[in-house]
Amino acid sequence: MRALADFIMRGRMQAIVVVAGSAALPMLFWLCAAAGSLVLLRRGLNDALAVLVWALLPALVWWYFGDPRTLLVLLGSFGLALLLRNQSSWSRVMLCSVGLGLLYAWALGVVFGEPIAALATELQKVLPDMLSDAYQQLSVDEQARLGALLEPVLTGLLAGLLQITTLLSLMLGRYWQALLYNPGGFGLEFRSLRFSVLPAVALLVGMLLGPSLGVQLAMLAPLCSVPLVFAGIALVHGLVAKNRMSRFWLVGLYVTLVLFMQLIYPLLAVLAIVDSLFDFRGRASRDDDAGPANGEG
């Protein structure tokens, strides 16, 4: 990874080769976004735009053939990287990713509206079997409302996956930047990720009350959960580092997250909300010697 990051930062031509090449290849759009984010974070917007132009060409081709992911993740990561460079606040980046997710949801609705609607129709047919007695106890109006929520929730889930991919690509770019210019800086930044009470409550309201405010707002539930889950993961990383615990705990976190996502995912969101109230890590967990991840502090 370090060798690739070093190659990207060797010059503009090398950065263009990696960004444009990974944008052109299937399933490597995340690498394209990460490499572009690295250039923007380190060299600024002007140099990054010279690289972005070459990445847009294959991204637009992919959109033409019905796959908008490359263009969406590339532009989204660039926007969040610019915000991170200017404000150095991961909490603001996470909050802005919700708005980015809404844009993703709109774009997915335009490109994949019919397949998503067809999938929602098929799911509605199997809901009685999936929910069994609980579904039968619902009134006719409640059953109809539940069916109407399927399409926006599915759109929100797909947009949430792109939102997560965008954030992970940005994190990879930031990690590369710290690896080259300030080792350990990214870990310090990520472990300090924490929401204050008001943003945490706003995200919680979006998760729980979004479906009640309107059918289309149901897509807010998965989108608002993403920042909280990242904050929950940062909390675990921070506690492990603060207490000098074995990395086995982090391995266990990610293994259980993969195997029992339906249980661990909401638990991490709850931990992030509780941490916004009590600040489990506290100021003692901050190491002032490492400096910011950009290596310029």
Visitor: Is a donor on one side and an acceptor on the other found under 3.5 Å between the side chain of Asn243 and the backbone of Leu239?
Guide: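 Present.
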
Visitor: Ignoring hydrogens and angles, tell me if any N or O in the side chain of Arg174 forms a donor-acceptor pair with the backbone of Phe186 under 3.5 Å.
Guide: no

Visitor: With sequence neighbours excluded, tell me which residues meet side-chain hydrogen bond (donor to acceptor under 3.5 Å, both in side chains) with Gln14.
Guide: none

Visitor: Between the side chain of Arg194 and the main-chain N/O of Ala231, is any donor-acceptor distance below 3.5 Å?
Guide: no

Visitor: Is any side-chain heavy atom of Phe280 less than 4.5 Å from a side-chain heavy atom of Val274?
Guide: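 Side-chain contact under 4.5 Å: yes.
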
Visitor: Between Pro68 and Phe112, is any pair of side-chain heavy atoms under 4.5 Å apart?
Guide: yes

Visitor: Is any side-chain heavy atom of Leu168 closer than 4.5 Å to a side-chain heavy atom of Phe230?
Guide: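 Yes - at least one pair of side-chain heavy atoms lies under 4.5 Å apart.
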
Visitor: Please determine whether the number of non-hydrogen atoms from other residues, nucleotides or ligands lying under 6.0 Å from atom CZ of Arg10 exceeds 12.
Guide: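 Correct, the count exceeds 12.
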
Visitor: Hey, is the main chain of Ala15 close enough, under 3.5 Å, to the side chain of Trp54 for a donor-acceptor pair?
Guide: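 Not confirmed, Trp54 side chain does not pair with Ala15 backbone.
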
Visitor: With a 4.5 Å cut-off on side-chain heavy atoms, are Pro227 and Val98 touching?
Guide: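 Val98 vs Pro227: side chains touch.
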
Visitor: Take atom OH of Tyr175 as the centre, draw a 6.0 Å sphere, and report whether it contains more than 12 heavy atoms from other residues, nucleotides or ligands.
Guide: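 No, because the 6.0 Å sphere around OH of Tyr175 holds 12 heavy atoms or fewer from other groups.
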
Visitor: Indicate yes or no: at least one non-hydrogen side-chain atom of Leu108 is less than 4.5 angstrom from one of Leu162.
Guide: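 When only atoms from C-beta onward are counted, Leu162 and Leu108 do touch, with a gap below 4.5 Å.
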
Visitor: Give every residue pair that meets the salt bridge (charged side-chain N to carboxylate O under 4.0 Å, His left out) criterion with at least one member in residues 55-78, sequence neighbours excluded.
Guide: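 Those involving residues 55-78 are Asp67-Arg69.
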
Visitor: Can a donor-acceptor pair be found, under 3.5 Å and without considering hydrogens, that links the side chain of Asn86 to the backbone of Leu82?
Guide: yes

Visitor: Write out all pairs satisfying side chain to side chain donor-acceptor pair (under 3.5 Å) with one or both partners inside residues 200-210, taking only residues at least two apart or from two chains.
Guide: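 Checked against side chain to side chain donor-acceptor pair (under 3.5 Å) - neighbours excluded - no pair reaches residues 200-210.
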
Visitor: Is any side-chain heavy atom of Leu75 less than 4.5 Å from a side-chain heavy atom of Leu71?
Guide: yes

Visitor: Residues in ring-ring contact (aromatic ring centres under 6.0 Å, His included) with Phe260, at least two apart?
Guide: none

Visitor: Around atom CZ of Arg43, are there more than 12 heavy atoms of other residues, nucleotides or ligands at under 6.0 Å?
Guide: yes

Visitor: Does anything in residues 11-40 form a salt bridge (charged side-chain N to carboxylate O under 4.0 Å, His left out)? List the pairs, not counting sequence neighbours.
Guide: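 Sorted result for residues 11-40: Arg12-Asp47.
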
Visitor: Which atom pairs, one a donor and one an acceptor, fall under 3.5 Å between side chains of residues 146-160 and the rest of the protein, sequence neighbours left out?
Guide:
unit_1, atom_1, unit_2, atom_2, d
Thr155, OG1, Glu151, O, 2.9

Visitor: With heavy-atom distances below 4.5 Å as the criterion, would you say the side chains of Ile164 and Val229 are in contact?
Guide: no

